[in-house]
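First up is the structure itself, then whatever we jot down about it.
Every heavy atom of this structure was used, including side-chain atoms; hydrogens, water molecules and symmetry mates were not. Just so you know, ligand 1 is whichever comes first in the structure, and atom 1 is the first atom listed for that ligand. One is the number of the first residue; the rest follow in order along the sequence. All of these numbers come straight from a predicted model, not from anything done at the bench.
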Amino acid sequence: MSSCMRVCVRWGQWGVALRRCSSSDAGVRVRFAPSPTGFLHLGGLRTALYNYLFAKKYGGTFILRLEDTDQNRLVLGAAQAIEDMLDWAGIPPDESPLRGGPVGPYLQSQRLELYSSTAQQLVQSGHAYHCFCTPQRLQLLKKEALRSGQTPRYDNRCRHLPAAQVEQRLAQGLSHVIRFRLQEGAEPFHDLVFGWTRHEVAQVEGDPVILKADGFPTYHLANIVDDHHMGVSHVLRGSEWLISTSKHLLMYRALGWTPPTFAHMPLLMNKDGSKLSKRQGDIFIQRFRTEGVLPEALLDITTNCGSGFDSNGMGRSLQELISDFNPSKITTHSALLDLDKLPEFNRIHLQRRVEDPQLCSSLVCELQTQLLQQYSELSLDRDILQSNSIKRVLHHRKGHISYVKDLLSPQYSYLWIRPSFSPQQVAAVTLEAPHIAALVIRLVEQSRELTVDWLNTELKAVVKQTHSTKYREMMKLLRLALSGLHQGPSVAEMMVCLGASETTLRLHKLLLPSLTHSE
Ligand code: GLU
(Lines give C-alpha, C1' and ligand atoms only; values in the text may rest on other atoms or scores of the structure.)
Protein backbone atom coordinates (compact mmCIF):
# COMPACT_ATOMS: atom_id res chain seq x y z
CA MET A 1 0.00 0.00 0.00
CA SER A 2 1.43 3.34 -0.94
CA SER A 3 1.72 6.09 1.60
CA CYS A 4 -1.08 8.44 2.50
CA MET A 5 -0.94 12.16 2.10
CA ARG A 6 -2.72 14.92 3.88
CA VAL A 7 -5.31 16.97 2.08
CA CYS A 8 -7.28 19.87 3.36
CA VAL A 9 -10.65 18.27 4.02
CA ARG A 10 -11.56 19.39 7.53
CA TRP A 11 -13.15 17.34 10.30
CA GLY A 12 -15.72 19.70 11.71
CA GLN A 13 -14.38 22.71 13.54
CA TRP A 14 -11.40 20.89 14.92
CA GLY A 15 -9.12 21.79 12.09
CA VAL A 16 -7.91 18.23 12.02
CA ALA A 17 -7.00 17.26 8.51
CA LEU A 18 -8.64 14.20 7.11
CA ARG A 19 -6.16 11.90 5.53
CA ARG A 20 -6.72 10.91 1.97
CA CYS A 21 -5.06 7.78 0.72
CA SER A 22 -3.47 8.29 -2.63
CA SER A 23 -4.02 4.63 -3.48
CA SER A 24 -7.77 4.96 -3.39
CA ASP A 25 -10.05 7.14 -5.43
CA ALA A 26 -12.44 7.52 -2.57
CA GLY A 27 -10.07 9.01 -0.01
CA VAL A 28 -11.89 8.25 3.18
CA ARG A 29 -11.86 4.53 3.90
CA VAL A 30 -13.33 3.33 7.14
CA ARG A 31 -14.14 -0.09 8.43
CA PHE A 32 -16.36 -1.89 10.86
CA ALA A 33 -14.36 -4.84 12.14
CA PRO A 34 -16.44 -7.04 14.43
CA SER A 35 -15.41 -10.46 15.60
CA PRO A 36 -18.02 -13.06 14.68
CA THR A 37 -18.02 -14.30 18.26
CA GLY A 38 -21.62 -13.19 18.61
CA PHE A 39 -24.50 -11.59 16.81
CA LEU A 40 -24.78 -7.90 16.02
CA HIS A 41 -26.07 -5.83 18.92
CA LEU A 42 -26.86 -2.19 19.39
CA GLY A 43 -23.33 -1.20 20.39
CA GLY A 44 -21.95 -2.81 17.23
CA LEU A 45 -24.66 -1.31 15.07
CA ARG A 46 -23.78 2.13 16.38
CA THR A 47 -20.09 1.68 15.56
CA ALA A 48 -21.03 0.45 12.08
CA LEU A 49 -23.46 3.33 11.62
CA TYR A 50 -20.97 6.04 12.57
CA ASN A 51 -18.44 4.54 10.18
CA TYR A 52 -21.09 4.43 7.48
CA LEU A 53 -22.18 8.02 8.12
CA PHE A 54 -18.59 9.18 8.05
CA ALA A 55 -17.89 7.35 4.78
CA LYS A 56 -21.02 8.63 3.09
CA LYS A 57 -20.60 12.16 4.36
CA TYR A 58 -17.12 12.42 2.86
CA GLY A 59 -17.72 10.34 -0.27
CA GLY A 60 -15.66 7.49 1.11
CA THR A 61 -15.83 3.72 1.37
CA PHE A 62 -17.32 1.67 4.17
CA ILE A 63 -15.67 -1.70 4.67
CA LEU A 64 -16.86 -4.69 6.66
CA ARG A 65 -13.98 -6.84 7.85
CA LEU A 66 -14.61 -9.86 9.99
CA GLU A 67 -11.98 -10.44 12.62
CA ASP A 68 -12.31 -14.17 13.09
CA THR A 69 -8.85 -14.94 14.42
CA ASP A 70 -10.06 -16.30 17.74
CA GLN A 71 -11.25 -19.57 16.29
CA ASN A 72 -12.31 -20.96 19.68
CA ARG A 73 -14.88 -18.25 20.22
CA LEU A 74 -16.53 -18.25 16.79
CA VAL A 75 -20.30 -18.51 16.84
CA LEU A 76 -21.84 -20.47 14.01
CA GLY A 77 -23.75 -18.27 11.59
CA ALA A 78 -22.64 -15.02 13.23
CA ALA A 79 -20.44 -13.88 10.32
CA GLN A 80 -23.23 -14.12 7.77
CA ALA A 81 -25.77 -12.71 10.23
CA ILE A 82 -23.66 -9.59 10.86
CA GLU A 83 -23.58 -8.76 7.17
CA ASP A 84 -27.28 -9.56 6.80
CA MET A 85 -28.11 -7.22 9.66
CA LEU A 86 -26.13 -4.37 8.13
CA ASP A 87 -28.06 -4.90 4.90
CA TRP A 88 -31.33 -4.96 6.79
CA ALA A 89 -30.39 -1.81 8.66
CA GLY A 90 -29.82 -0.08 5.34
CA ILE A 91 -26.13 0.55 5.93
CA PRO A 92 -24.56 -2.06 3.64
CA PRO A 93 -20.80 -2.16 3.35
CA ASP A 94 -19.17 -1.25 0.03
CA GLU A 95 -16.56 -3.97 0.49
CA SER A 96 -17.10 -7.07 2.61
CA PRO A 97 -16.68 -10.84 2.85
CA LEU A 98 -19.85 -11.41 0.79
CA ARG A 99 -19.47 -8.51 -1.62
CA GLY A 100 -15.72 -8.79 -2.05
CA GLY A 101 -13.68 -5.78 -3.08
CA PRO A 102 -10.25 -4.72 -4.28
CA VAL A 103 -8.34 -5.43 -1.06
CA GLY A 104 -9.95 -8.69 0.04
CA PRO A 105 -10.37 -11.25 1.35
CA TYR A 106 -12.28 -9.52 4.12
CA LEU A 107 -12.24 -12.47 6.48
CA GLN A 108 -9.07 -12.54 8.55
CA SER A 109 -8.85 -16.33 8.63
CA GLN A 110 -8.26 -16.12 4.86
CA ARG A 111 -5.31 -13.76 5.21
CA LEU A 112 -3.05 -15.83 7.45
CA GLU A 113 -0.14 -15.68 5.00
CA LEU A 114 -0.05 -11.91 5.21
CA TYR A 115 0.06 -11.89 9.01
CA SER A 116 2.75 -14.50 9.26
CA SER A 117 4.97 -12.76 6.70
CA THR A 118 4.51 -9.47 8.57
CA ALA A 119 5.39 -11.18 11.85
CA GLN A 120 8.53 -12.62 10.18
CA GLN A 121 9.38 -9.17 8.88
CA LEU A 122 9.20 -7.86 12.45
CA VAL A 123 11.38 -10.71 13.69
CA GLN A 124 13.95 -9.98 11.04
CA SER A 125 14.07 -6.30 11.86
CA GLY A 126 14.48 -7.13 15.55
CA HIS A 127 11.05 -5.79 16.56
CA ALA A 128 9.65 -9.20 17.39
CA TYR A 129 11.01 -12.49 18.64
CA HIS A 130 10.15 -16.15 19.03
CA CYS A 131 8.92 -17.14 22.43
CA PHE A 132 9.06 -20.77 23.57
CA CYS A 133 7.58 -20.31 27.05
CA THR A 134 5.17 -23.09 27.81
CA PRO A 135 1.58 -22.45 28.86
CA GLN A 136 2.54 -23.94 32.26
CA ARG A 137 5.28 -21.36 32.77
CA LEU A 138 2.95 -18.53 31.78
CA GLN A 139 0.32 -19.86 34.13
CA LEU A 140 2.83 -19.92 36.96
CA LEU A 141 3.89 -16.32 36.24
CA LYS A 142 0.30 -15.31 36.38
CA LYS A 143 -0.33 -17.06 39.67
CA GLU A 144 2.72 -15.56 41.29
CA ALA A 145 1.77 -12.06 40.18
CA LEU A 146 -1.74 -12.47 41.51
CA ARG A 147 -0.43 -13.82 44.80
CA SER A 148 1.74 -10.77 45.30
CA GLY A 149 -1.11 -8.45 44.30
CA GLN A 150 0.40 -7.44 40.96
CA THR A 151 -1.12 -7.33 37.50
CA PRO A 152 0.03 -10.42 35.60
CA ARG A 153 2.35 -9.68 32.69
CA TYR A 154 4.80 -11.64 30.64
CA ASP A 155 8.36 -11.16 31.93
CA ASN A 156 9.83 -10.93 28.40
CA ARG A 157 12.16 -13.81 29.10
CA CYS A 158 12.52 -15.02 25.51
CA ARG A 159 13.53 -11.53 24.38
CA HIS A 160 16.99 -12.40 25.55
CA LEU A 161 17.41 -15.86 24.00
CA PRO A 162 20.62 -16.07 21.98
CA ALA A 163 20.02 -16.45 18.26
CA ALA A 164 21.68 -19.86 18.15
CA GLN A 165 19.30 -21.21 20.77
CA VAL A 166 16.34 -19.85 18.88
CA GLU A 167 17.54 -21.56 15.71
CA GLN A 168 18.07 -24.79 17.55
CA ARG A 169 14.58 -24.78 19.10
CA LEU A 170 12.98 -23.89 15.83
CA ALA A 171 14.86 -26.71 14.15
CA GLN A 172 13.54 -29.06 16.85
CA GLY A 173 10.06 -27.97 15.92
CA LEU A 174 9.26 -26.68 19.41
CA SER A 175 5.93 -24.97 19.78
CA HIS A 176 6.34 -21.20 19.88
CA VAL A 177 4.63 -17.88 19.45
CA ILE A 178 5.94 -14.58 18.13
CA ARG A 179 5.96 -11.61 20.48
CA PHE A 180 6.27 -7.95 19.66
CA ARG A 181 9.08 -6.17 21.48
CA LEU A 182 7.42 -3.23 23.21
CA GLN A 183 9.74 -0.24 23.12
CA GLU A 184 9.82 2.39 25.80
CA GLY A 185 8.89 5.84 24.53
CA ALA A 186 5.41 5.41 23.08
CA GLU A 187 4.59 8.65 21.34
CA PRO A 188 1.51 10.66 22.20
CA PHE A 189 -1.15 10.56 19.53
CA HIS A 190 -4.08 12.75 18.75
CA ASP A 191 -7.40 10.96 19.00
CA LEU A 192 -10.12 12.89 17.22
CA VAL A 193 -12.47 12.39 20.16
CA PHE A 194 -10.26 12.03 23.23
CA GLY A 195 -7.54 14.48 22.17
CA TRP A 196 -3.88 13.91 22.98
CA THR A 197 -3.35 10.50 24.54
CA ARG A 198 -0.37 8.39 25.47
CA HIS A 199 0.00 5.08 27.22
CA GLU A 200 3.49 4.05 28.19
CA VAL A 201 2.53 0.54 27.30
CA ALA A 202 5.99 -1.02 27.79
CA GLN A 203 5.88 -0.05 31.45
CA VAL A 204 2.63 -1.79 32.19
CA GLU A 205 2.53 -4.77 29.84
CA GLY A 206 4.75 -7.65 28.89
CA ASP A 207 5.56 -8.11 25.21
CA PRO A 208 2.31 -9.12 23.50
CA VAL A 209 1.88 -12.22 21.37
CA ILE A 210 1.28 -11.24 17.76
CA LEU A 211 1.34 -14.69 16.16
CA LYS A 212 0.00 -17.68 18.07
CA ALA A 213 1.39 -21.21 18.06
CA ASP A 214 -1.36 -22.31 15.66
CA GLY A 215 -0.22 -19.75 13.08
CA PHE A 216 -3.18 -17.43 13.72
CA PRO A 217 -2.42 -13.80 14.48
CA THR A 218 -3.75 -12.07 17.57
CA TYR A 219 -6.11 -9.15 17.24
CA HIS A 220 -3.36 -6.53 17.49
CA LEU A 221 -1.30 -7.78 14.56
CA ALA A 222 -4.16 -8.70 12.26
CA ASN A 223 -5.92 -5.43 12.96
CA ILE A 224 -3.02 -3.16 12.03
CA VAL A 225 -1.91 -5.27 9.08
CA ASP A 226 -5.38 -5.11 7.62
CA ASP A 227 -5.95 -1.44 8.35
CA HIS A 228 -2.71 -0.76 6.51
CA HIS A 229 -3.26 -3.08 3.55
CA MET A 230 -6.90 -2.14 3.20
CA GLY A 231 -5.97 1.55 3.01
CA VAL A 232 -8.05 2.46 6.05
CA SER A 233 -7.79 6.21 6.54
CA HIS A 234 -9.74 6.55 9.80
CA VAL A 235 -10.37 4.10 12.59
CA LEU A 236 -13.66 4.88 14.32
CA ARG A 237 -14.15 2.31 17.03
CA GLY A 238 -15.32 1.86 20.60
CA SER A 239 -13.38 3.60 23.35
CA GLU A 240 -12.47 0.24 24.89
CA TRP A 241 -9.75 0.09 22.23
CA LEU A 242 -8.21 3.44 23.10
CA ILE A 243 -5.82 1.77 25.50
CA SER A 244 -4.52 -0.54 22.75
CA THR A 245 -3.76 2.25 20.33
CA SER A 246 -0.31 3.11 21.70
CA LYS A 247 0.66 -0.50 21.19
CA HIS A 248 -0.68 -0.39 17.64
CA LEU A 249 1.26 2.78 16.95
CA LEU A 250 4.48 1.15 18.12
CA MET A 251 3.81 -1.61 15.62
CA TYR A 252 3.12 0.85 12.82
CA ARG A 253 6.40 2.55 13.64
CA ALA A 254 8.29 -0.74 13.66
CA LEU A 255 6.89 -1.57 10.23
CA GLY A 256 7.56 1.89 8.83
CA TRP A 257 3.88 2.40 8.02
CA THR A 258 1.85 5.57 8.37
CA PRO A 259 -0.95 4.88 10.84
CA PRO A 260 -4.55 5.83 10.18
CA THR A 261 -6.23 8.61 12.14
CA PHE A 262 -8.03 7.38 15.25
CA ALA A 263 -11.37 8.40 16.71
CA HIS A 264 -12.59 6.42 19.68
CA MET A 265 -16.26 6.58 20.42
CA PRO A 266 -17.66 6.50 23.94
CA LEU A 267 -19.67 3.50 24.97
CA LEU A 268 -23.36 3.17 24.50
CA MET A 269 -25.08 2.71 27.86
CA ASN A 270 -28.57 2.28 29.24
CA LYS A 271 -30.20 5.54 30.18
CA ASP A 272 -29.39 4.94 33.87
CA GLY A 273 -25.70 4.67 32.97
CA SER A 274 -25.54 0.89 33.37
CA LYS A 275 -23.88 -1.30 30.77
CA LEU A 276 -25.98 -2.53 27.84
CA SER A 277 -26.12 -6.20 28.59
CA LYS A 278 -25.84 -8.66 25.75
CA ARG A 279 -26.80 -11.41 28.08
CA GLN A 280 -30.32 -10.14 28.44
CA GLY A 281 -30.58 -10.77 24.72
CA ASP A 282 -32.67 -7.68 24.26
CA ILE A 283 -30.11 -5.59 22.42
CA PHE A 284 -29.53 -7.90 19.50
CA ILE A 285 -30.53 -6.42 16.18
CA GLN A 286 -32.26 -9.60 15.08
CA ARG A 287 -34.63 -9.27 18.02
CA PHE A 288 -35.61 -5.73 17.11
CA ARG A 289 -36.22 -6.87 13.56
CA THR A 290 -38.44 -9.74 14.67
CA GLU A 291 -40.44 -7.39 16.85
CA GLY A 292 -41.25 -5.12 13.94
CA VAL A 293 -38.84 -2.30 14.71
CA LEU A 294 -38.01 -0.41 11.54
CA PRO A 295 -34.31 -0.17 10.77
CA GLU A 296 -34.47 3.58 10.28
CA ALA A 297 -36.07 3.96 13.72
CA LEU A 298 -33.28 1.90 15.27
CA LEU A 299 -30.60 3.96 13.53
CA ASP A 300 -32.34 7.15 14.52
CA ILE A 301 -32.57 6.23 18.20
CA THR A 302 -28.93 5.12 18.39
CA THR A 303 -27.88 8.57 17.23
CA ASN A 304 -30.20 10.25 19.70
CA CYS A 305 -27.77 10.03 22.57
CA GLY A 306 -26.02 13.34 22.34
CA SER A 307 -23.02 12.34 20.30
CA GLY A 308 -22.05 13.26 16.76
CA PHE A 309 -24.83 15.75 16.03
CA ASP A 310 -25.40 19.43 16.69
CA SER A 311 -28.71 18.61 18.33
CA ASN A 312 -30.71 15.60 19.33
CA GLY A 313 -33.26 14.90 16.66
CA MET A 314 -36.16 12.53 16.31
CA GLY A 315 -37.48 11.19 13.06
CA ARG A 316 -34.33 11.68 10.98
CA SER A 317 -34.00 9.52 7.89
CA LEU A 318 -30.67 7.95 7.01
CA GLN A 319 -30.06 10.70 4.44
CA GLU A 320 -30.72 13.30 7.11
CA LEU A 321 -28.42 11.49 9.51
CA ILE A 322 -25.67 11.63 6.90
CA SER A 323 -26.11 15.33 6.28
CA ASP A 324 -26.53 16.23 9.98
CA PHE A 325 -23.62 14.06 11.15
CA ASN A 326 -20.90 16.20 12.67
CA PRO A 327 -18.03 14.05 13.92
CA SER A 328 -16.55 16.95 15.84
CA LYS A 329 -19.59 16.67 18.11
CA ILE A 330 -18.72 13.17 19.28
CA THR A 331 -18.17 13.63 22.99
CA THR A 332 -16.07 11.65 25.43
CA HIS A 333 -18.92 10.86 27.80
CA SER A 334 -20.98 7.75 27.40
CA ALA A 335 -23.97 7.89 25.13
CA LEU A 336 -27.12 7.11 27.09
CA LEU A 337 -29.71 5.20 25.15
CA ASP A 338 -33.34 5.44 26.17
CA LEU A 339 -35.00 2.39 24.67
CA ASP A 340 -38.33 3.35 26.25
CA LYS A 341 -38.55 5.91 23.46
CA LEU A 342 -38.25 3.27 20.75
CA PRO A 343 -42.02 2.90 20.14
CA GLU A 344 -42.21 6.65 19.59
CA PHE A 345 -39.31 6.59 17.15
CA ASN A 346 -40.92 3.67 15.35
CA ARG A 347 -44.27 5.43 15.19
CA ILE A 348 -42.71 8.40 13.43
CA HIS A 349 -40.80 6.28 10.94
CA LEU A 350 -43.76 3.98 10.33
CA GLN A 351 -45.81 7.01 9.42
CA ARG A 352 -43.14 8.03 6.93
CA ARG A 353 -43.18 4.59 5.35
CA VAL A 354 -46.96 4.62 5.03
CA GLU A 355 -46.70 7.93 3.21
CA ASP A 356 -44.20 6.56 0.70
CA PRO A 357 -46.17 4.58 -1.94
CA GLN A 358 -43.49 1.99 -2.53
CA LEU A 359 -42.68 1.40 1.11
CA CYS A 360 -46.38 1.33 1.91
CA SER A 361 -46.87 -1.55 -0.53
CA SER A 362 -44.39 -3.66 1.37
CA LEU A 363 -46.12 -2.79 4.65
CA VAL A 364 -49.34 -4.01 3.07
CA CYS A 365 -47.71 -7.35 2.22
CA GLU A 366 -46.29 -7.59 5.71
CA LEU A 367 -49.66 -6.98 7.30
CA GLN A 368 -51.37 -9.45 4.97
CA THR A 369 -48.88 -12.11 6.01
CA GLN A 370 -49.33 -11.34 9.69
CA LEU A 371 -53.12 -11.41 9.36
CA LEU A 372 -53.02 -14.79 7.70
CA GLN A 373 -50.81 -16.03 10.50
CA GLN A 374 -53.05 -14.67 13.22
CA TYR A 375 -56.43 -15.54 11.74
CA SER A 376 -57.02 -18.55 9.60
CA GLU A 377 -57.66 -18.00 5.92
CA LEU A 378 -61.24 -19.14 6.46
CA SER A 379 -62.11 -16.45 8.93
CA LEU A 380 -60.74 -13.63 6.79
CA ASP A 381 -62.82 -12.31 3.98
CA ARG A 382 -61.03 -11.85 0.69
CA ASP A 383 -62.28 -8.24 0.35
CA ILE A 384 -60.77 -7.40 3.68
CA LEU A 385 -57.39 -8.75 2.70
CA GLN A 386 -57.27 -6.68 -0.47
CA SER A 387 -54.39 -4.25 -0.75
CA ASN A 388 -56.62 -1.22 -1.01
CA SER A 389 -58.48 -2.03 2.20
CA ILE A 390 -55.26 -2.64 4.05
CA LYS A 391 -53.69 0.49 2.65
CA ARG A 392 -56.67 2.52 3.80
CA VAL A 393 -56.31 1.15 7.32
CA LEU A 394 -52.60 1.93 7.37
CA HIS A 395 -53.21 5.47 6.19
CA HIS A 396 -55.92 6.01 8.69
CA ARG A 397 -54.06 4.54 11.64
CA LYS A 398 -50.58 5.89 10.88
CA GLY A 399 -49.52 8.20 13.64
CA HIS A 400 -51.59 6.18 16.12
CA ILE A 401 -49.73 2.89 15.96
CA SER A 402 -46.06 2.25 16.67
CA TYR A 403 -45.75 -1.10 14.94
CA VAL A 404 -47.59 -2.81 12.10
CA LYS A 405 -48.38 -5.65 14.46
CA ASP A 406 -50.37 -3.23 16.67
CA LEU A 407 -53.11 -3.67 14.08
CA LEU A 408 -53.43 -7.28 15.18
CA SER A 409 -54.41 -6.32 18.72
CA PRO A 410 -58.00 -7.06 19.87
CA GLN A 411 -58.81 -3.37 19.57
CA TYR A 412 -58.54 -3.70 15.78
CA SER A 413 -59.90 -7.20 15.30
CA TYR A 414 -63.20 -5.73 14.05
CA LEU A 415 -61.33 -4.58 10.95
CA TRP A 416 -60.47 -8.09 9.91
CA ILE A 417 -63.30 -10.23 11.21
CA ARG A 418 -66.88 -9.42 10.30
CA PRO A 419 -68.99 -9.40 13.44
CA SER A 420 -71.89 -11.69 14.14
CA PHE A 421 -74.79 -10.62 16.31
CA SER A 422 -78.30 -11.82 16.96
CA PRO A 423 -81.65 -10.19 16.12
CA GLN A 424 -82.29 -10.12 19.87
CA GLN A 425 -79.17 -8.08 20.46
CA VAL A 426 -80.30 -5.64 17.78
CA ALA A 427 -83.82 -5.44 19.11
CA ALA A 428 -82.54 -4.80 22.61
CA VAL A 429 -80.94 -1.58 21.35
CA THR A 430 -83.69 -0.19 19.15
CA LEU A 431 -86.63 -1.38 17.10
CA GLU A 432 -85.75 1.03 14.34
CA ALA A 433 -82.61 -0.78 13.22
CA PRO A 434 -83.61 -1.31 9.54
CA HIS A 435 -84.68 2.32 9.21
CA ILE A 436 -81.45 3.61 10.74
CA ALA A 437 -79.35 1.24 8.66
CA ALA A 438 -81.03 2.45 5.48
CA LEU A 439 -80.39 6.08 6.39
CA VAL A 440 -76.74 5.51 7.20
CA ILE A 441 -76.19 3.39 4.09
CA ARG A 442 -77.60 6.20 1.98
CA LEU A 443 -75.39 8.69 3.76
CA VAL A 444 -72.28 6.62 3.12
CA GLU A 445 -73.17 5.92 -0.48
CA GLN A 446 -73.70 9.60 -1.18
CA SER A 447 -70.47 10.73 0.43
CA ARG A 448 -67.45 11.44 -1.71
CA GLU A 449 -64.98 10.72 1.05
CA LEU A 450 -65.59 9.47 4.56
CA THR A 451 -63.97 11.59 7.21
CA VAL A 452 -64.43 11.44 10.96
CA ASP A 453 -65.52 15.07 11.29
CA TRP A 454 -68.02 14.88 8.45
CA LEU A 455 -69.52 11.65 9.76
CA ASN A 456 -69.85 13.01 13.28
CA THR A 457 -71.90 15.92 11.99
CA GLU A 458 -73.99 13.83 9.59
CA LEU A 459 -74.79 11.09 12.10
CA LYS A 460 -76.28 13.72 14.40
CA ALA A 461 -78.56 14.71 11.55
CA VAL A 462 -79.54 11.07 10.91
CA VAL A 463 -80.77 10.49 14.43
CA LYS A 464 -83.23 13.35 13.99
CA GLN A 465 -84.89 11.35 11.20
CA THR A 466 -85.77 8.48 13.53
CA HIS A 467 -88.94 8.28 15.58
CA SER A 468 -87.85 7.30 19.02
CA THR A 469 -84.14 6.32 18.92
CA LYS A 470 -81.72 8.35 20.95
CA TYR A 471 -78.27 9.32 19.61
CA ARG A 472 -76.60 7.07 22.19
CA GLU A 473 -78.76 4.12 21.11
CA MET A 474 -78.05 4.71 17.44
CA MET A 475 -74.30 4.71 18.15
CA LYS A 476 -74.65 1.50 20.11
CA LEU A 477 -76.47 -0.10 17.21
CA LEU A 478 -73.94 1.04 14.63
CA ARG A 479 -71.08 -0.10 16.82
CA LEU A 480 -72.69 -3.52 17.17
CA ALA A 481 -73.20 -3.85 13.43
CA LEU A 482 -69.77 -2.60 12.51
CA SER A 483 -67.70 -4.34 15.13
CA GLY A 484 -69.79 -6.57 17.37
CA LEU A 485 -68.13 -4.66 20.22
CA HIS A 486 -69.58 -2.69 23.08
CA GLN A 487 -66.55 -0.45 23.34
CA GLY A 488 -63.72 0.65 21.11
CA PRO A 489 -62.92 3.39 18.65
CA SER A 490 -65.60 5.93 17.80
CA VAL A 491 -68.22 4.86 15.28
CA ALA A 492 -67.08 7.48 12.78
CA GLU A 493 -63.51 6.29 13.10
CA MET A 494 -64.57 2.69 12.52
CA MET A 495 -66.51 3.69 9.43
CA VAL A 496 -63.54 5.54 7.99
CA CYS A 497 -61.21 2.62 8.71
CA LEU A 498 -63.58 0.08 7.24
CA GLY A 499 -64.23 2.19 4.16
CA ALA A 500 -67.51 2.83 2.42
CA SER A 501 -68.18 -0.56 0.88
CA GLU A 502 -67.32 -2.64 3.94
CA THR A 503 -69.37 -0.28 6.14
CA THR A 504 -72.45 -0.58 3.95
CA LEU A 505 -71.99 -4.33 3.65
CA ARG A 506 -72.03 -4.65 7.43
CA LEU A 507 -74.97 -2.29 7.82
CA HIS A 508 -76.99 -4.26 5.28
CA LYS A 509 -77.23 -7.02 7.84
CA LEU A 510 -79.43 -4.72 9.92
CA LEU A 511 -81.98 -4.28 7.19
CA LEU A 512 -83.61 -7.63 7.77
CA PRO A 513 -82.22 -8.78 11.07
CA SER A 514 -84.69 -11.54 11.64
CA LEU A 515 -83.72 -13.18 8.34
CA THR A 516 -80.00 -12.55 8.25
CA HIS A 517 -79.18 -13.20 11.88
CA SER A 518 -81.17 -16.26 12.66
CA GLU A 519 -78.16 -18.02 14.26
N1 GLU B 1 -12.47 -7.03 16.36
C2 GLU B 1 -12.50 -5.86 17.19
C3 GLU B 1 -13.89 -5.84 17.85
O4 GLU B 1 -14.46 -6.86 17.95
C5 GLU B 1 -12.24 -4.65 16.37
C6 GLU B 1 -11.74 -3.47 17.12
C7 GLU B 1 -11.31 -2.39 16.15
O8 GLU B 1 -12.20 -1.82 15.52
O9 GLU B 1 -10.13 -2.18 15.99
O10 GLU B 1 -14.43 -4.90 18.29
Side-chain angles (χ1 to χ4, degrees), residues 28-55 60-75 78-83 85-86 91 93 95-97 103 105-112 114-115 118 180 189 191-194 197 199 201 208-210 212 216-252 257 259-268 275-276 278 283-285 302 327 330 335:
V28 166
R29 285 177 65 80
V30 288
R31 83 311 191 265
F32 173 48
S35 303
T37 50
F39 293 91
L40 189 64
H41 55 80
L42 274 178
L45 181 74
R46 174 165 169 270
T47 306
L49 173 63
Y50 278 52
N51 274 282
Y52 179 90
L53 294 178
F54 188 59
T61 303
F62 172 50
I63 302 166
L64 170 68
R65 177 175 79 224
L66 292 175
E67 302 205 328
D68 62 341
T69 55
D70 191 347
Q71 294 283 302
N72 297 326
R73 292 180 54 225
L74 294 186
V75 169
Q80 163 94 42
I82 290 172
E83 193 157 352
M85 283 302 112
L86 293 182
I91 52 169
E95 299 170 21
S96 73
V103 292
Y106 294 85
L107 202 59
Q108 288 189 328
S109 57
Q110 294 173 2
R111 301 168 66 86
L112 298 184
L114 188 58
Y115 310 128
T118 310
F180 180 69
F189 67 95
D191 183 89
L192 291 184
V193 176
F194 283 82
T197 309
H199 292 109
V201 63
V209 174
I210 53 171
K212 295 182 274 187
F216 273 78
T218 56
Y219 156 73
H220 301 293
L221 178 68
N223 189 267
I224 67 134
V225 166
D226 286 347
D227 282 348
H228 173 71
H229 285 281
M230 292 181 172
V232 168
S233 62
H234 294 77
V235 169
L236 270 73
R237 61 182 172 195
S239 57
E240 69 270 32
W241 301 105
L242 185 62
I243 194 111
S244 302
T245 308
S246 287
K247 195 186 304 175
H248 295 173
L249 287 170
L250 285 173
M251 291 163 76
Y252 277 105
W257 295 343
T261 302
F262 292 93
H264 286 87
M265 294 187 298
L267 292 181
L268 194 58
K275 211 173 157 228
L276 283 183
K278 290 180 227 167
I283 57 158
F284 286 100
I285 307 307
T302 29
I330 300 178

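For the residue pair Ser109 and Asp68, a side-chain donor N or O sits within less than 3.5 Å of a side-chain acceptor on the partner. Remark: the Ser35 side chain and the Glu67 side chain contain no N/O donor-acceptor pair separated by less than 3.5 Å.
If you look at Tyr219 next to ligand 1, the close heavy atoms, those under 4.0 Å, all belong to the side chain.
Nearest residue to atom 7 (C) of ligand 1 from Gln108, Glu67, Arg237 is Arg237 (criterion: closest heavy atom).
Some N or O of Ala33 is nearer than 3.5 Å to an N or O of ligand 1, by distance alone.
Between Leu45 and Leu40, the shortest heavy-atom distance links the atoms N-CD1, 3.9 Å. Scanning all heavy atoms of the two residues, the minimum distance from Val232 to Arg31 falls at CG1-CD, 4.0 Å.
Near Trp241, meaning under 4.0 Å from any of its heavy atoms, are these atoms of ligand 1: 2 (C), 3 (C), 6 (C), 10 (O). Per-residue contacts place Asn223 under 4.0 angstrom from the following atoms of ligand 1 (heavy atoms of the residue considered): 7 (C), 9 (O).
In terms of protein heavy-atom proximity, atom 8 (O) of ligand 1 is closest to Arg31 NH1, 2.7 Å. In this structure, atom 4 (O) of ligand 1 lies nearest to the protein heavy atom Ser35 OG, 3.3 Å.
Ring geometry for Trp241 against Tyr219 counts as tilted: the plane angle lies between 30° and 60°, on a 0 to 90° scale.
For Phe54 and His234, the ring centers are positioned less than 6.0 Å apart.
Note on ligand 1: Glu240 sits outside its first shell, no heavy atom being nearer than 4.0 Å.
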